[in-house]
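First up is the structure itself, then whatever we jot down about it.
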Amino acid sequence: MTRSKRKWDHIQFALSTGQTRDTGFDDIMFIHQSLPDSSTEQGSLDTMIGELSLSSPLFINAMTGGGGERTKEINGQLALIAKETRVAMAVGSQMSSIKNPSEISTYKIVRNENPNGLIFANLGSEASVDQALQAVDMLEANALQIHLNTIQELTMPEGDRDFTGALKRIEDIVKKLPVPLIVKEVGFGMSRETARKLTQVGVSIVDIGGFGGTNFAKIENKRRNRLLSFFNSWGIPTVASIAEVKYSFPDLTVLGSGGIQSSLDVVKALSLGASATGLAGYLLQILLTEGVEASITEIEEIKMEVGLMLTALGARTIKDLQKAPLVIEGKTHHWLNERGINTKIYSNR
C-alpha cells in the first residue's frame, strides 16, 4: 500500500471509529463561585506556547497531508478555518513529502491560505535534524511538532519496529532548530517518566495527546488480518496525563489534546495546567459533514463559551483559571493518587 493511500485510509477510519470519550473530563467538577467579581469584558483568552503568543487557547492539531488532492483540500480548508478564527494550526506528518516531493503541495497550501498565521510543522521521532529543518522551511513554520506514536506503529501492519535512538534525535533537533519544538503524543498519553526524559534533553513544550479521542490502535487494527486488540485500550487518559505531567514539571509548557469536544473540556484542561488545547478529530468530523462555515462557527462558539466560564470562575486570564478550585473524582482521582499526586491541592487552591 502506498503512503498516500494509507493517509486517506486514516482519515476514513478516524471518522468511522469515532472517539471513546474515555478522557477523564467527566471526573472534573469546578467549585462554584457565587461572587466571582469578574466581567466578560475584562477576560482575556491570550496565552503562550513557549515564546509564541496566541490570542486563543485553541489550536487545530495535526491531522493530515501527503495523501494527494483529497488531503490537500482538507488542509486548505483547515488553514482557512484557522485564519478566520485566528487560531494556530498544525499539519500532519510531513515525512511523506520529504520522501516524495510531489506531496509538498498538500502541506504548503496551509501557508498559502494563511500567510500570516501560526503554523506548526510535523514529523515523527525518526526524523533527522536536516529533515526537521526541511519541514520547517517547507511551511515557513513557527514551530515544529515531533510526534511519538509507538503504539500506532506497532499496530500498523507495515509500521516501525525499532524505536531506539529517538531521544537522541530529539535532543539534536532541539539544539539546531530555529523555532520552538513541541513533542507530542498521538492519542496514548504522556507519562511523567517520558516528560522527565524530554526535559533532560532540553524540550520545554509537550502536547500530552491523551487517550480518549481518536484511537490510532483501532484505526490500524482495521487494516490488520490478526487484530492486536490489546492495544485498543492502551494509554493514559487525557486528564490524568495533563495533571501528572504538569504537577511533576510545573515549568514545562503543557498542551492538552486527546478527545477534546467542547468548551467545558477546554476549560477543564486549561485549569489542570494546559497552556492551550488542540482540536482534531472532533473538528474534522464537523468539517467533512457540515463544511467550513460550520467549523468556523463552532470554534467561535467554543471561544465565547470559554470566556463565559472564565467569568463564572472569577478568572480574568488563563493563569487565573489555573488557580480555580476543582474536585477530581472517579478513575482520575484513583490514577493520580496511585501516582503519588495529592488531588487535594486542586480542590483547595
Besides Val327, the hydrophobic cluster formed by Ile, Leu, Val, Met, Phe, Trp and Tyr side chains linked at under 4.5 Å, directly or via other members, contains Ile31
Listed by chain and number, what are the side-chain hydrogen bond (donor to acceptor under 3.5 Å, both in side chains) partners of Ser34, not counting sequence neighbours? His32
Donor + acceptor pair across side chains of Glu103, Ser97 (<3.5 Å): no
When you compare the side chains of Asn75 and Glu113, does any donor N or O come within less than 3.5 Å of an acceptor on the partner? no
May I ask you to check whether Asn342 and Asn337 show a side-chain donor-acceptor distance below 3.5 Å? no
Just grab all the salt bridge (Lys or Arg N to Asp or Glu O under 4.0 Å) pairs involving residues 264-284, residues at least two apart or on different chains. Arg21-Asp265
Is the shortest heavy-atom distance from the side chain of Gln200 to the side chain of Leu198 under 4.5 Å? no
Under 4.5 Å between any side-chain heavy atoms of Ile170 and Leu148, yes or no? yes
Would you find a donor on one side and an acceptor on the other, under 3.5 Å apart, between the side chain of Thr64 and the backbone of Gly92? no
Polar side-chain atom of Ser38 near backbone of Ala315 as donor-acceptor pair, under 3.5 Å: no
Main chain of Leu133, side chain of Asp137: is a donor-acceptor contact present, judged purely on distance under 3.5 Å? no
Results of salt bridge (charged side-chain N to carboxylate O under 4.0 Å, His left out) for Lys303 - residues two or more places apart only: Glu300
Determine whether Trp234 and Phe163 fall in the same hydrophobic cluster, where Ile, Leu, Val, Met, Phe, Trp and Tyr are linked whenever their side-chain heavy atoms lie under 4.5 Å apart. yes
Short question: side chain of Ser241, backbone of Pro237 - any donor-acceptor pair under 3.5 Å? no
Between Ser96 and Tyr107, does any side-chain donor sit less than 3.5 Å from a side-chain acceptor? yes
Looking only at the side chains, is there a donor atom on one of Arg349 and Ser271 sitting less than 3.5 Å from an acceptor on the other? yes
Close side-chain approach of Asp27 and His333, heavy atoms under 4.5 Å: no
Looking only at non-hydrogen atoms, find the nearest pair between Lys197 and Leu167 and report the distance. O-CD1, 3.8 Å
Leu54: hydrophobic cluster co-members (side-chain, 4.5 Å): Ile49, Leu52, Phe59, Leu118, Phe120, Ile182, Ile205, Leu255
Heavy-atom closest pair (Val91 atom, Ala62 atom, distance to 0.1 Å) is O-CB, 3.1 Å
Considering all heavy atoms, the nearest Gln94-Ala121 contact: OE1-CB, 3.0 Å
Side chain to side chain contact (heavy atoms under 4.5 Å, CB included) between Ile299 and Leu283, worked out: CA-CA 9 Å; Ile299 290 178; Leu283 184 64; 4.1 Å; yes
What are the two closest non-hydrogen atoms of Ile318 and Ala274, and how far apart are they? CG2-O, 4.5 Å
Nearest non-hydrogen partners of Lys176 and Val129, listed with the distance: CB-CG1, 3.6 Å
Using a cut-off of 6.0 Å, state whether more than 12 heavy atoms not belonging to Arg161 lie near its atom CZ. yes
With sequence neighbours left out, what residues match Glu171 under salt bridge (charged side-chain N to carboxylate O under 4.0 Å, His left out)? Lys175
Going by atom types only, do Asp46 and Ser55 share a side-chain donor-acceptor pair under 3.5 Å? no
For the side chain of Arg223 and the backbone of Pro157, is there at least one donor-acceptor N/O pair under 3.5 Å apart? no
Please examine the side chains of Ser233 and Asn215, heavy atoms only from C-beta on, and report whether any two atoms are closer than 4.5 Å. no
Taking only residues two or more places apart in sequence or in another chain, which ones pass side-chain hydrogen bond (donor to acceptor under 3.5 Å, both in side chains) with Arg111? Asn142
Distance, nearest 0.5 Å, that separates OG1 of Thr47 from CG of Leu270: 7.0 Å
CD/Glu293 to CD1/Ile296 distance, rounded to the nearest 0.5 angstrom? 4.5 Å
Give me the other members of the hydrophobic cluster that Met304 sits in, counting Ile, Leu, Val, Met, Phe, Trp and Tyr linked by side-chain heavy atoms under 4.5 Å, directly or via other members. Leu308
Mind running side chain to side chain contact (heavy atoms under 4.5 Å, CB included) on Lys83 and Met89 for me, showing each step along the way? CA-CA 9 Å; Lys83 178 182 178 181; Met89 175 189 168; over 6 Å; no
About how many Å separate CD of Gln322 and OH of Tyr346, when rounded to the nearest 0.5 Å? 10.5 Å
The complete set of salt bridge (Lys or Arg N to Asp or Glu O under 4.0 Å) pairs with one or both residues in residues 238-264, sequence neighbours excluded, reads Glu244-Arg339
In this structure, CD of Glu73 is separated from CG of Leu287 (nearest 0.5 Å) by 8.5 Å
For the backbone of Val110 and the side chain of Asn114, can you confirm whether one donor and one acceptor N or O come within less than 3.5 Å of each other? no
In the structure I gave you, are the side-chain heavy atoms of Leu154 and Asp160 within less than 4.5 Å of one another anywhere? no
Side chains of Asn221 and Asn232 only: does a donor on one sit below 3.5 Å from an acceptor on the other? yes
Between Leu313 and Phe30, is any pair of side-chain heavy atoms under 4.5 Å apart? yes
Ignoring hydrogens, what is the shortest heavy-atom contact between Ala127 and Gln131? Give both atom names and the distance. CA-OE1, 3.3 Å
If we only count heavy atoms from C-beta on, is the Trp335 to Ile236 side-chain gap below 4.5 Å? yes
Is there a chain of hydrophobic side chains (I, L, V, M, F, W, Y, each step under 4.5 Å between heavy atoms) that links Met48 to Ile208? no
Please evaluate residues Ser93 and His147 with respect to the criterion side chain to side chain contact (heavy atoms under 4.5 Å, CB included), reporting the C-alpha separation (whole Å), side-chain torsions for both, the decisive distance (0.1 Å), and the verdict. CA-CA 8 Å; Ser93 175; His147 64 262; 3.5 Å; yes
State which residues pass side-chain hydrogen bond (donor to acceptor under 3.5 Å, both in side chains) with Ser204; sequence neighbours excluded, sorted by chain then number. none
List the steps, then state whether side-chain hydrogen bond (donor to acceptor under 3.5 Å, both in side chains) holds for Asn149 with Glu185. CA-CA 6 Å; Asn149 65 337; Glu185 248 290 351; over 6 Å; no
So Val203 and Thr199, side chain to side chain contact (heavy atoms under 4.5 Å, CB included) or not? Walk me through it. CA-CA 5 Å; Val203 174; Thr199 59; 5.9 Å; no
Could you tell me if the side chain of Ile345 sits less than 4.5 Å from the side chain of Tyr247, heavy atoms only? yes
Classify the side-chain pair Asp130/Ser128 by whether it contains a donor and acceptor separated by less than 3.5 Å. no
Output for pair (Leu279 CG, Gln285 CD), nearest 0.5 Å, gives 13.5 Å
Ser191: which residues meet the side-chain hydrogen bond (donor to acceptor under 3.5 Å, both in side chains) condition with it, sequence neighbours left out? Glu193, Thr194
Can you tell me how far CD of Gln152 sits from CD of Glu220, rounded to the nearest 0.5 angstrom? 5.0 Å
Hydrophobic clusters join Ile, Leu, Val, Met, Phe, Trp and Tyr when side-chain heavy atoms are under 4.5 Å apart, directly or via other members; which others share one with Leu227? none
